[in-house]
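Beneath this line is the structure, given in structure tokens, with notes to follow.
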Protein chains: 2
Amino acid sequence: MEEKSISAAVIKRLPRYYRYLSDLQSENVERISSDELSKRMGVTASQIRQDLNNFGGFGQQGYGYNVEYLRTEIGKILGLDKVHNMVIIGGGNLGRALAGYANFESRGFVVKGIFDSNPELVGTKIRDIKIMSMGVLETFLKENDVAIVALAIPRGDAVSVAKKLYDCGIRAIWNFAHVDLDLPSDAFVENVHLSESLMQLSYRLNSHK
Amino acid sequence: MEEKSISAAVIKRLPRYYRYLSDLQSENVERISSDELSKRMGVTASQIRQDLNNFGGFGQQGYGYNVEYLRTEIGKILGLDKVHNMVIIGGGNLGRALAGYANFESRGFVVKGIFDSNPELVGTKIRDIKIMSMGVLETFLKENDVAIVALAIPRGDAVSVAKKLYDCGIRAIWNFAHVDLDLPSDAFVENVHLSESLMQLSYRLNSHK
DNA sequence: TAGATTGTTAATCGATTAACAATC
DNA sequence: TAGATTGTTAATCGATTAACAATC
């Protein structure tokens, strides 16, 4: 549906713009130039203008950008003006942490349910959200208009659960399992591979002494 | 100390190579060509050879790469042959989850202690690791040869705690707070901004319908 | 040796930065 | 109007891919 597709590099920077604009707004800054913003963020003004102009002209020559307006527009681009129903699979510590994150850090992501295959966890609650058995997942997904599923389970189970999710119509998976899910191309998978992130830190520690 | 510095794009791919090689090894695959590996991983063989040759020639013409040897070498590059003492700041759900991850998923990262400013948490234990008060952090860091600190605290406190850590000699921070830490250039910060990752998923969901 | 596959150079592609005309 | 700053085109830089000679 897009005229020309936006590069992954640009999309990755959008949430950071959104964060800086939110901060500026809470500092009651009304307008900002790409030059000022570039100094705050440590990127080039050129990059900011190029990035934004992928989506339209949000600024005004001689004035800069209106902070509130630009923040709202980037929010719309990121889909933050809509509510996204979520489900978390895996009721361990990571699942618990995600339940908190998704619900509080950015509104618009609503955790509808948590699922776990461990019968001992089923029936308990995490912050008012009850943990359900994997057996009722399929029905739940269909009845609750779930858009995003966070996968916080061991890698051994992740591939088969992901396939099942795809078959249930889920097209967005936030994947915390250390495995590549490899779903059809109309599915979106956002990987958060914590151990790989830690290894990058260890690489730098290792190579700079 | 490096002759020419390795690009961030290459470093980011190393842990994934390591993961695939570990999988191959547990499948008892002895050797693999860049072409075979490229098919498995969904990248070009050219990229694999280019990436590896940043660090030396690990293969052999006409044969390919020895899986065990290459895995070991990449492990060394990533510093996985060494033990890294870690400390986690923040004993909430995320801190708990990280304690598990770091200790179990990849050996070599040893969680020595967890710190929290909440007096109610101090004294309790997470998987044999006791939660300590922030007051004893500085002494603990010095006495325990801590190399990496995971910051799993609210963004409001993160900047000042990070500065303190830097002053205590910590040069590697695994940052989960939604803020840019902005430390001197000899410090390594690896950011894991979960809400920004979630926003990228929401962007794609939003823009493709 | 012949075949396979690397290591590496050269070509291409894409992303970032610089420059500047348009315009508020 | 003059000054400021965008939107956008052009130049540069870096990363990826292709090609192939070296060599096991």
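Owing to the predicted nature of the structure, the values given are computational and were not obtained by experimental measurement.
- Regarding B:D35, its CG atom lies at a distance of 17 Å from the P atom of D:dC20, rounded to whole Å.
- Within the 4.0 Å cut-off from OP1 or OP2 of D:dT16, at least one side-chain nitrogen or oxygen of B:R13 is found.
- Among the protein residues, A:S46 comes within range of the nucleic acid bases, having at least one heavy atom under 4.0 Å from a base atom.
- Across every strand in view, D:dT5 sits in a pair with C:dA22 that passes the Watson-Crick or G-U test at under 3.5 angstrom.
- Rounded to whole Å, the distance from CG on B:N54 to P on C:dT9 is 13 Å.
- Between the CD1 atom of A:I48 and the P atom of C:dA15 there is a distance of 18 Å, rounded to whole Å.
- Each of C:dT9, D:dT16, C:dT6 was ranked by its minimum atom distance to the side chain of B:Q50; first place goes to C:dT9.
- Among the nucleotides C:dC24, C:dT8, D:dG7, the one closest to the side chain of A:Q60 is C:dC24.
- Checked for salt-bridge contact, B:R19 and A:E196 meet the test: a charged N lies under 4.0 Å from a carboxylate O.
- Atom CD in A:Q61 sits about 5 Å away from atom C1' in C:dT23, given to the nearest Å.
- Spacing between atom CG of B:L37 and atom C1' of C:dT5 amounts to 14 Å, rounded to whole angstrom units.
- Taking atom CD on A:Q47 and atom C1' on C:dA15, their separation rounds to 9 Å, with Å as the unit.
- Rounding to whole angstrom units, OH of residue A:Y65 and C1' of C:dT23 are separated by 14 Å.
- Mapping B:S33 and A:A8 onto DNA chain C by nearest heavy atom places B:S33 closer to the 5' end of the strand.
- With respect to A:E30 and A:R71, no salt bridge is recorded, no charged nitrogen being found less than 4.0 Å from a carboxylate O.
- Checking side-chain atoms of B:N85 against main-chain N and O of B:N144 turns up a donor-acceptor pair under 3.5 Å.
- In the set C:dT6, D:dT5, D:dT9, the nucleotide with an atom closest to the side chain of B:R49 is C:dT6.
- Using the six-membered ring where Trp is involved, A:H178 and A:H193 have ring planes that are perpendicular, over 60° apart on the 30 and 60° scheme.
- No cation-pi contact links B:R171 to B:F188, judged by a cut-off of 6.0 Å to the six-membered ring centre and 45° from its axis.
- Positionally, the nearest nucleotide of DNA chain C for B:I32 lies more toward the 5' end than for the other of A:S7 and B:I32.
- Across all strands shown, C:dC13 forms a Watson-Crick or G-U wobble pair, both distances under 3.5 Å, with D:dG14.
- Across the protein-nucleic acid pair, A:E36 atom CD and D:dT6 atom C1' stand 14 Å apart, rounded to whole Å.
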